[in-house]
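Working notes, beginning with the structure itself.
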Amino acid sequence: MLTLVTGTTGQVGRRFVPRLIAQSRAGERVRVLVRDEARGEPFAELGAEVVVGDLRDSEALGKAVAGVDAVVNVAASFRGVPDEEARAVNRDAAVELGRAALASGVQRFVQVSTGLVYGVGRGRPVTEEDESRPGGAMWGAYPESKAAAERELLALDGMDVRVARLPFVYGEGDPHLAQSLMWAGNWAATQRLHMGHHADVAQGLLRILHAPGIAGRIYNIADDAPVTAVELHQLNGVEIPEELYTRTDPDPWLVIVSTDRIRRELGYRPLYPSVYAARAAGAL
Ligand SMILES: NC(=O)c1ccc[n+]([C@@H]2O[C@H](COP(=O)([O-])OP(=O)(O)OC[C@H]3O[C@@H](n4cnc5c(N)ncnc54)[C@H](OP(=O)(O)O)[C@@H]3O)[C@@H](O)[C@H]2O)c1
C-alpha cells in the first residue's frame, strides 16, 4: 500500500507525515509531493519517496499518483495569497488531483478541508450535516475554494473520497497560536476560536484514512474547549487590550464545531482536550 501526501512542507503536513510513517505496517509506504527537492530531504530520511512538482502541473500530478493506493491532500494556498491562487490550488488543483487519482486507480482519497466552509454560525456547534452558508467574518476565497473542492471531489464517481474539516491548528512550535492575535486582537473579549492540536489533527486524519466503509463521509476534527479572545492573549503572554471589552461578538457560534461524529464513528478522543492540557504537557 502506497499513500501519497501533498502539502508536507506545511505546518500540518510536516507533523502528520512522521506520524503516518511511524504507524505504518509492513508493506505500507509513503510518497510526498514537494515543490522544492531540498525540502523533500527530511521526508526521504524518514523513508518516504519524494516526487518534486507543483500541484497545478498536470504532469507532476500524473507522476505523484502513479502506483498510489491512497491520497491525503493536505496542500493548500491561503496564507496571504491572491484569491486567484487560492482558487487555483485549493479548488482547481485539488479536483485535478482527484481526477488524476481516479484515472490512476487510487482507492481512497482524503481531502483536508477547513471548518471555515460552514460560513455563518447556527447558534449551536455545526455538524457535518449542516450545509455551507457563505458569509460571516471569516468568509472569502479560501473557504469558498475549499468548499467547492469538497463538493467536486465527493461527486467523483468511482473513488472513495473522505473529507476532514480541520479547526485552527496549533502546537509543537507552530507559530499559529501567536498569529491568532492578528484576528483576536480585533475581536470581542468573549469571541471564541475552536482549535485542535497537531497531535489530534494527525490522529483524526489517520482514523479517517484507515477506517473502512466511510466513503463519502465528512468529519470535523477539533478539541473540546474553544478559547476566547481574552484567553488567546493570556496564552500568548500579551496584555489584554481594553477595546476587547467594548466590543460585542456578532456571531458567538461562528466555526464552533461538533466532534460527535468522529468520536462515535471513528473513536477519536483528543489527546489534548484543551490548549491548557497541551500547555501543561509542554506541547505548545
Ligand atoms: N493550519 C490550520 O490551522 C488549518 C486550519 C484548517 C484547515 N487547514 C488545512 O490544512 C491544510 C494544511 O494547512 P497548513 O496550515 O499546513 O498550510 P501551510 O503551512 O500553508 O502549508 C501548505 C502546504 O501546501 C503546499 N502547497 C501550496 N501550494 C502548492 C502548490 N501549488 N503545489 C504543491 N504544494 C503546494 C505548501 O508547499 P510549499 O511549502 O512549497 O509552499 C505547503 O506544503 C490545508 O489544506 C488547510 O486548508 C489548516
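Read the numbers this way: they start at 1 and go in the same order the structure lists the ligands and their atoms.
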When you compare ligand 1 with [X], is there at least one nitrogen or oxygen pair between them that comes in under 3.5 angstrom?
X: L33; answer: no
X: S77; answer: no
X: F168; answer: no
X: A76; answer: yes
X: F78; answer: no
X: V74; answer: yes
X: V89; answer: no

Query - Y118 and its side chain to side chain contact (heavy atoms under 4.5 Å, CB included) partner, picked from L254, T127, N220, V255 - result: N220

Query raised in the report: Salt bridge between R165 and E150, side-chain N to carboxylate O under 4.0 Å?
Result: yes

Query raised in the report: Any ion pair linking E49 and R29 (charged N to carboxylate O, less than 4.0 Å)?
Result: yes

What's the shortest distance from [atom] to any protein heavy atom, and which residue and atom give it?
atom: atom 21 (O) of ligand 1; result: G10 CA, 3.2 Å
atom: atom 23 (C) of ligand 1; result: G7 CA, 3.7 Å
atom: atom 8 (N) of ligand 1; result: Y142 OH, 3.6 Å
atom: atom 36 (C) of ligand 1; result: T9 OG1, 3.9 Å
atom: atom 32 (N) of ligand 1; result: L55 N, 2.8 Å
atom: atom 16 (O) of ligand 1; result: V12 N, 2.8 Å

Query - Beyond-backbone contact of R14 with P42, side-chain heavy atoms, under 4.5 angstrom - result: no

Query raised in the report: Is the cationic atom of R192 (NZ for Lys, CZ for Arg) positioned less than 6.0 Å from the six-membered ring centroid of W253 and within 45 degrees of its normal?
Result: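 Yes.
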
Are any of the heavy atoms in [X] under 4.0 Å away from ligand 1?
X: A93; answer: no
X: T8; answer: yes
X: D54; answer: yes

Compare [options] and give the one whose heavy atom is closest to [atom].
atom: atom 34 (N) of ligand 1; options: R35, H176, R56; answer: R35
atom: atom 4 (C) of ligand 1; options: G13, S113, P167; answer: P167
atom: atom 18 (P) of ligand 1; options: Q111, R165, R15, R79; answer: R79

**Report entry** Element-labelled atoms of ligand 1 that are located less than 4.0 Å from some non-hydrogen atom of T114
**Finding:** 6 (C), 7 (C)

Query raised in the report: What atoms of ligand 1 come closer than 4.0 angstrom to any heavy atom of K146?
Result: 44 (C), 45 (O), 47 (O)

Does [X] approach ligand 1 within less than 4.0 angstrom via side chain, backbone, both or neither, non-hydrogen atoms only?
X: R39; result: side chain
X: Y170; result: neither
X: Q11; result: both

Please report the interatomic distance [atom1]([X]) to [atom2]([Y]), rounded to the nearest 0.5 Å.
X: Q179; Y: L232; atom1: CD; atom2: CG; value: 12.5 Å
X: K146; Y: L166; atom1: NZ; atom2: CG; value: 8.5 Å
X: Y268; Y: D260; atom1: OH; atom2: CG; value: 13.0 Å

Report task. Kindly indicate, with the supporting measurements, whether the criterion salt bridge (Lys or Arg N to Asp or Glu O under 4.0 Å) is fulfilled by E28 and R25. Result -> CA-CA 6 Å; E28 291 180 350; R25 295 183 181 156; 5.0 Å; no

Query - Centroid-centroid distance, Y170 to H197, less than 6.0 Å - result: yes

Query - Residue that, paired with Y219, satisfies side chain to side chain donor-acceptor pair (under 3.5 Å) out of R207, E128, R162, E265 - result: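 Among R207, E128, R162, E265, the one meeting side chain to side chain donor-acceptor pair (under 3.5 Å) with Y219 is E265.
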
Without hydrogens or angle criteria, can the side chains of [X] and [Y] be said to hold a donor-acceptor pair below 3.5 Å?
X: E243; Y: T246; answer: no
X: R15; Y: Q11; answer: yes
X: S274; Y: D223; answer: no

